Amino acid sequence: MKGKTVFITGSSRGIGKEIAISFAKEGANIILNARSHVSEDVISEITSYGVQCAVVLGDVSQFDQAKEMIKTAHETFGSLDVLVNNAGITKDQLLLRMSEEDFDNVLNINLKGTFNMIRHAVPILLKQRSGSIINVSSVVGLAGNIGQVNYAASKAGIIGLSKAVAKEVAPRGITCNVIAPGYIDTDMTDILNEDVKKAMIDTIPLKRIGQAQEVAQAAVYLAKASYVTGQVLSVNGGMYM
Ligand code: NAP
């Protein structure tokens with residue numbers, strides 16, 4: 001990974017931040033992203049590993065902003081080697097109460113955002129004849145979940161999208177894979193009440209919540225795995241097999 005450029009969407013906190021740190025430890029230059037702010041603490045943690053770090057703010061759900069972000073990222077370090085589509089949101093509600101707006105928002109950020117970033121990155125990767133795309137799905141995209149019709153649809157969509165992309169770009173030596181995390185300790189899951197958390201842990205064979213670093217390890221593996229493409233790697237403590 002030394003000297004490679006890795007762009008991680010939604011890397012101001014949580015899983016994306018840990019993915020960025022893991023790639024920095026491997027010697028890669030890092031492009032961080034969020035919609036409006038990335039703290040100085042995150043930037044200085046990345047640069048403490050002796051690599052370069054740039055921030056490209058923007059909303060992945062906006063096609064033109066995605067185009068600008070990829071262009072800026074490519075120009076910043078002169079290459080684009082790994083794209084990790086990690087940015088994602090939840091707007092949970094039972095189907096009968098789910099608004100059209102909450103369905104559209106989740107699909108637009110999670111699924112269309114992934115498409116937008118790949119759509120603009122692929123011309124660069126094709127020209128380069130190398131690169132790795134890693135998309136963050138979820139156990140919910142594989143198994144479904146009550147109250148998450150929008151999120152499950154977006155995360156299952158990412159899997160189909162990734163397999164189609166993998167087939168299209170493979171002739172140029174580019175890989176495209178998916179990580180499907182289970183229940184991971186971040187702001188996204190922190191909002192759940194203690195009873196829900198306990199009930200969830202009971203369903204996990206490894207009997208604990210996962211750490212963002214454990215998802216990050218999978219991202220580094222996939223970026224290096226030159227003969228692995230179109231795959232879904234579950235990082236879920238055995239929650240769904
Ligand atoms: P998180 O702590 O809520 O962080 C989400 C990140 O995405 C933030 O940096 C956020 O920054 C950014 N973001 C959100 N919308 C964005 C947009 N439109 N454009 C650019 N950046 C955006 O979430 P997390 O738990 O780390 O989750 C990361 C990914 O893993 C998500 O795709 C999530 O669905 C997936 N996942 C998480 C879990 C879990 O248990 N935590 C399990 C399975 C899958 P701003 O809000 O400042 O823009």
Side-chain angles (χ1 to χ4, degrees), residues 7-22 30-39 41-43 46 55-70 72-73 83-92 102 104-117 120 134-145 148 150-159 161-162 178-192 196-197 200-201 203-204 206 208-216 218-219 232-237 239-240:
F7 188 150
I8 308 107
T9 68
S11 41
S12 60
R13 57 177 191 268
I15 292 171
K17 176 185 142 189
E18 290 304 326
I19 291 174
I21 291 168
S22 293
I30 305 296
I31 311 277
L32 297 171
N33 156 262
R35 279 168 293 193
S36 55
H37 178 71
V38 176
S39 78
D41 287 356
V42 178
I43 298 167
I46 299 285
V55 175
V56 178
L57 296 176
D59 183 342
V60 296
S61 71
Q62 303 301 310
F63 192 73
D64 291 343
Q65 287 188 36
K67 184 177 184 179
E68 240 357 86
M69 290 194 282
I70 291 288
T72 308
L83 170 65
V84 184
N85 287 301
N86 165 80
I89 62 159
T90 51
K91 293 267 179 212
D92 298 351
D102 282 354
D104 288 347
N105 273 341
V106 169
L107 267 289
N108 280 337
I109 293 178
N110 298 5
L111 180 57
K112 190 171 172 235
T114 300
F115 164 76
N116 288 344
M117 296 301 289
H120 297 301
I134 299 163
N135 299 321
V136 180
S137 175
S138 166
V139 63
V140 170
L142 294 165
N145 197 25
Q148 294 197 303
N150 50 1
Y151 186 74
S154 72
K155 294 300 186 178
I158 285 174
I159 294 172
L161 177 151
S162 302
V178 177
I179 300 175
Y183 174 32
I184 309 297
D185 187 11
T186 70
D187 290 352
M188 189 178 268
T189 48
D190 209 33
I191 50 170
L192 303 171
V196 173
K197 285 185 184 173
M200 220 173 232
I201 289 169
T203 68
I204 303 171
L206 284 175
R208 66 174 176 85
I209 186 167
Q211 295 303 313
Q213 297 94 305
E214 294 174 302
V215 180
V232 181
L233 178 52
S234 285
V235 183
N236 64 16
M239 192 178 179
Y240 178 81

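Start at 1 and go down the list; that is how both ligands and their atoms are numbered. Given the structure is predicted, the values throughout are model-derived calculations rather than measurements.
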Report summary line: To the nearest 0.5 Å, atom CE of M188 lies from atom OG1 of T90 at 5.0 Å
Query raised in the report: Looking at ligand 1, does G58 have a heavy atom less than 4.0 Å from it?
Result: yes
Query - V60 and N116, any side-chain heavy atoms less than 4.5 Å apart - result: no
Report task. Give yes if a backbone or side-chain nitrogen or oxygen of S61 is under 3.5 Å from a nitrogen or oxygen of ligand 1, and no if not. Result -> no
**Report entry** 4.0 Å heavy-atom contact, G113 with ligand 1
**Finding:** no
Report summary line: When distances are taken from atom 1 (P) of ligand 1, the protein heavy atom at minimum range is R13 NE, 3.8 Å
Query raised in the report: In the protein, what heavy atom is nearest to atom 28 (C) of ligand 1, and what distance, to one decimal place, separates them?
Result: N86 OD1, 3.2 Å
Query - atom 18 (N) of ligand 1: nearest protein contact (heavy atom, Å) - result: D59 OD1, 2.8 Å
Query - Protein residue, atom and distance nearest to atom 22 (C) of ligand 1, heavy-atom basis - result: A87 CB, 3.6 Å
Report summary line: Closest to atom 9 (O) of ligand 1 among protein heavy atoms sits S12 OG, 2.7 Å
Query raised in the report: Is there a heavy atom of Q62 sitting under 4.0 angstrom from any atom of ligand 1?
Result: no
Query raised in the report: Under 3.5 Å between some N or O of ligand 1 and some N or O of I15?
Result: yes
Query raised in the report: So which bit of A180 gets within less than 4.0 Å of ligand 1, heavy atoms only: side chain, backbone, both or neither?
Result: neither
Report summary line: Note: A212, heavy atoms under 4.0 Å from ligand 1, region reported as neither
Report task. Counting heavy atoms only, name the option from Q65, R35, K112 that's nearest to atom 17 (C) of ligand 1. Result -> R35
Query - Close-contact set for ligand 1 against G182 heavy atoms, below 4.0 Å - result: 38 (C), 40 (O), 42 (C), 43 (C)
Report summary line: Taking only non-hydrogen atoms of G14 and a 4.0 Å limit, the atoms of ligand 1 in range are 2 (O), 26 (O)
Report task. If you have a sec, work out which protein heavy atom is nearest atom 5 (C) of ligand 1 and how many Å separate them, to one decimal? Result -> G88 O, 3.9 Å
**Report entry** Gap separating the CG atom of N236 from the OG1 atom of T203, nearest 0.5 angstrom
**Finding:** 9.5 Å
Report task. Take atom NZ of K91 as the centre, draw a 6.0 Å sphere, and report whether it contains more than 12 heavy atoms from other residues, nucleotides or ligands. Result -> no
Query - Protein heavy-atom partner closest to atom 30 (O) of ligand 1 - residue, atom, separation in Å - result: V136 CG1, 3.4 Å
Query raised in the report: Are L142 and S234 side-chain neighbours, meaning at least one heavy-atom pair lies under 4.5 Å?
Result: yes
Query raised in the report: Looking only at protein heavy atoms, which one is nearest to atom 6 (C) of ligand 1, and how far off is it?
Result: G10 O, 3.5 Å
Query raised in the report: Where does I109 meet ligand 1, judged by heavy-atom distances below 4.0 Å: at the side chain, the backbone, both, or neither?
Result: side chain
Query raised in the report: How does T186 reach ligand 1, if at all, at less than 4.0 Å between non-hydrogen atoms: by side chain, backbone, both, or neither?
Result: side chain
Query raised in the report: Hey, is T189 touching ligand 1 through its side chain, its backbone, both or neither, going by heavy atoms under 4.0 Å?
Result: side chain
**Report entry** Pairwise distance CD1(I159) to CG(L111) - rounded to 0.5 angstrom
**Finding:** 11.0 Å
Query - N105 CG to N150 CG distance, which is reported to the nearest 0.5 Å - result: 9.0 Å
Query raised in the report: Can you list the atoms of ligand 1 that are under 4.0 Å from a heavy atom of N33?
Result: 20 (C), 21 (N)
**Report entry** ligand 1 versus H37: contacting region, heavy-atom distance under 4.0 Å
**Finding:** neither
Report task. Side-chain contact test, heavy atoms from C-beta onward, threshold under 4.5 Å: evaluate it for N145 versus Y151 and give yes or no. Result -> no
Requested in this report: Apply side-chain contact (heavy atoms from CB on, under 4.5 Å) to the pair R13 and T186, showing each step before the final yes or no.
Outcome: CA-CA 8 Å; R13 57 177 191 268; T186 70; over 6 Å; no
Requested in this report: Report yes if P181 has an N/O atom closer than 3.5 Å to an N/O atom of ligand 1; otherwise report no.
Outcome: no
**Report entry** N or O pair under 3.5 Å between I184 and ligand 1
**Finding:** yes
Query - Atoms of ligand 1, numbered as shown, that sit under 4.0 Å from any heavy atom of V60 - result: 17 (C), 18 (N), 19 (N), 20 (C)
Query raised in the report: Looking at side-chain heavy atoms only, is the closest gap between M69 and H120 below 4.5 Å?
Result: no
Report task. Applying side-chain contact (heavy atoms from CB on, under 4.5 Å), run through E18 and Q211 and close with a yes or a no. Result -> CA-CA 9 Å; E18 290 304 326; Q211 295 303 313; over 6 Å; no
Report task. Start with the C-alpha gap between V139 and Y183, add the side-chain angles, then the distance that decides, and say whether side-chain contact (heavy atoms from CB on, under 4.5 Å) holds. Result -> CA-CA 8 Å; V139 63; Y183 174 32; over 6 Å; no
**Report entry** Numbered atoms and elements of ligand 1 in range of S11, under 4.0 angstrom, heavy atoms
**Finding:** 9 (O)
Query - Gap between atom CG of D92 and atom CD of Q148 - 0.5 Å precision - result: 4.0 Å
Report task. Have a look at ligand 1 and work out which part of I89, if any, has a heavy atom under 4.0 Å from it: side chain, backbone, both or neither. Result -> side chain
**Report entry** Y151 neighbourhood, listing ligand 1 atoms whose heavy-atom distance to it stays under 4.0 Å
**Finding:** 33 (C), 34 (O), 35 (C), 36 (N), 43 (C), 44 (C)
Report task. Using only heavy-atom distances, determine whether the side chains of N135 and T114 contain a donor-acceptor pair under 3.5 Å. Result -> no
Query raised in the report: Does the side chain of D59 reach to within under 4.5 Å of the side chain of Q65, using non-hydrogen atoms?
Result: yes
Query - M117 side chain reached by I70 side chain, heavy atoms, under 4.5 Å - result: yes
**Report entry** Verdict with supporting geometry, V106 and I89, side-chain contact (heavy atoms from CB on, under 4.5 Å)
**Finding:** CA-CA 6 Å; V106 169; I89 62 159; 4.1 Å; yes
